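Before I ask anything, let me first share the structure, which is written out below as structure tokens.
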Number of protein chains: 2
Amino acid sequence: MYERKTPVTIDCGLHLFMEVMNGKWKINLVWCVYNEIKRPGELRRKIPNATRRVLEGQLKQLVNHGILSNKSYDVKPPKVEYSLTELGESLIPIIRSTAKWGEENREKLEKLILE
Amino acid sequence: MYERKTPVTIDCGLHLFMEVMNGKWKINLVWCVYNEIKRPGELRRKIPNATRRVLEGQLKQLVNHGILSNKSYDVKPPKVEYSLTELGESLIPIIRSTAKWGEENREKLEKLILE
DNA sequence: TCAAGTACGGATAAATTTGTCCGTATTATA
DNA sequence: TATAATACGGACAAATTTATCCGTACTTGA
């Protein structure tokens with residue numbers, strides 16, 4: 001696994017949030033789990049642009065950061081389910097408000113982002 | 001300058017927000033400008049861990065994304081000031097709420113983030 | 001005149017994140 | 001008996017972001 005070479009900077013609350021939510025697909029993952037799409041395979045199918053490897057990595061980070069928890073059922077074939085922790089739940093209103101901001105300004109932003 | 005090789009993904013509002021705010025120091029920069037720390041030199045001194053080069057790049061992106069605007073006074077020595085656009089202003093409550101979330105959960109998060 | 005302040009930018013290296021290709025194991029279905 | 005589904009992980013390549021080191025130009029103050 002990759003080992004950090006420089007310390008993370010978490011001076012302020014903003015940084016804590018960003019540290020947890022940065023990652024190309026993390027918000028999607030949290031949002032999916034919130035909407036009952038909770039098994040690895042389901043998540044992959046729901047977010048087809050992301051590779052399995054990356055989703056796995058980001059799910060693992062979300063678990064490590066206390067946003068998601070995963071339950072592994074001891075059955076064959078294997079079954080795993082992710083769910084929001086209490087901390088993860090507390091993130092939902094914020095995610096919702098950032099999404100709202102994005103949608104409200106989509107027209108303007110799309111133009112600017114795509115040069 | 002660096003040229004992207006893969007298209008950006010902005011399916012949802014969350015992504016629009018992340019696209020604009022991702023970058024190690026962007027939230028700090030926006031927050032500083034909101035608090036009247038608006039000249040390049042001031043910003044560098046306020047955020048000493050960031051290199052000038054990176055701050056310049058992120059400021060430029062924030063301007064390109066319509067969050068900040070910069071006014072260049074034609075004086076010697078040169079003087080430049082950044083300010084929030086209307087779009088940038090609309091981001092303030094959201095930044096505030098993410099910061100609040102981070103601070104409220106700092107103890108827990110610090111522990112988790114630092115392994 | 002020399003050092004330090006104002007501000008900006010190119011070229012390249014280092015760090016980090018994301019993607020690709022390989023592999024493991026078990027079970028149900030065609 | 002293949003094929004696909006379940007789920008996971010190592011090794012490495014490619015893309016992207018951040019940092020370092022070089023340079024420009026002008027002005028003020030010691």
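Remember, it's a predicted structure, so these values are computed and weren't measured experimentally. Protein chains get the first letters and strands the later ones, always in sequence-line order, with residue 1 at the start of each.
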If you only use heavy atoms from C-beta on, which nucleotide in C:dG5, C:dG19, C:dG9 is closest to the side chain of B:Pro77?
C:dG5
Out of D:dT17, C:dT18, C:dT17, which nucleotide sits closest to the side chain of A:Arg4?
C:dT17
Whole-Å distance between D:dT18 C1' and B:Gln61 CD?
11 Å
What is the distance, rounded to the nearest whole Å, between atom CD of A:Glu56 and atom P of C:dG19?
13 Å
Reckon A:Arg45 touches a base, only the sugar-phosphate, or nothing at all at heavy-atom distances under 4.0 Å?
sugar-phosphate
Between atom CH2 in B:Trp25 and atom P in C:dT16, what is the gap in whole Å?
13 Å
With a 4.0 Å cutoff (strictly under), does any side-chain N or O of B:Arg52 reach OP1 or OP2 of D:dG23?
no
Please determine whether a side-chain nitrogen or oxygen atom of A:Lys79 lies at a distance below 4.0 Å from atom OP1 or OP2 of D:dT6.
no
What's the closest nucleotide to the A:Arg53 side chain, out of C:dC21, C:dT27, D:dA7?
C:dC21
Would you say B:Gln58 reaches D:dT17's phosphate, i.e. side-chain N/O to OP1/OP2 under 4.0 Å?
no
Under 4.0 Å between a side-chain N or O of A:Arg39 and OP1 or OP2 of D:dT6?
no
If you check the A:Lys5 side chain, which of C:dC8, D:dT27, C:dT16 turns out closest?
C:dT16
Candidates B:Arg106, B:Lys100, B:Lys108 - the one meeting salt bridge (charged side-chain N to carboxylate O under 4.0 Å, His left out) with B:Glu104:
B:Lys100
Short side-chain to backbone donor-acceptor contact, B:Glu81 and B:Arg39, under 3.5 Å:
no
Reckon A:Lys24 has a side-chain N or O less than 4.0 Å from the OP1 or OP2 of C:dG19?
yes
Between B:Thr6 and D:dT16, does any side-chain N or O lie under 4.0 Å from OP1 or OP2?
yes
Give A:Gly23 one of three labels, base, sugar-phosphate or nothing, depending on what nucleic acid heavy atoms sit under 4.0 Å from its own.
sugar-phosphate
Side chain to side chain donor-acceptor pair (under 3.5 Å) between A:Ser83 and A:Ser69, intermediate numbers included
CA-CA 5 Å; A:Ser83 57; A:Ser69 62; 3.2 Å; yes
Heavy-atom count check: over 12 atoms from other residues, nucleotides or ligands less than 6.0 Å from B:Lys46 NZ?
no
Can you tell me which nucleotide in C:dT17, D:dT6, D:dA19 comes closest to the side chain of A:Pro78?
D:dT6
Partner of B:Thr98 under side-chain contact (heavy atoms from CB on, under 4.5 Å), chosen from A:Val20, A:Leu16, A:Ile94
A:Ile94
Is B:Lys60 close enough to C:dG9 that one of its side-chain N or O atoms is under 4.0 Å from OP1 or OP2 there?
yes
Side chain of B:Val80 only, heavy atoms from C-beta on: which candidate in C:dT16, C:dT27, C:dC8 is closest?
C:dC8
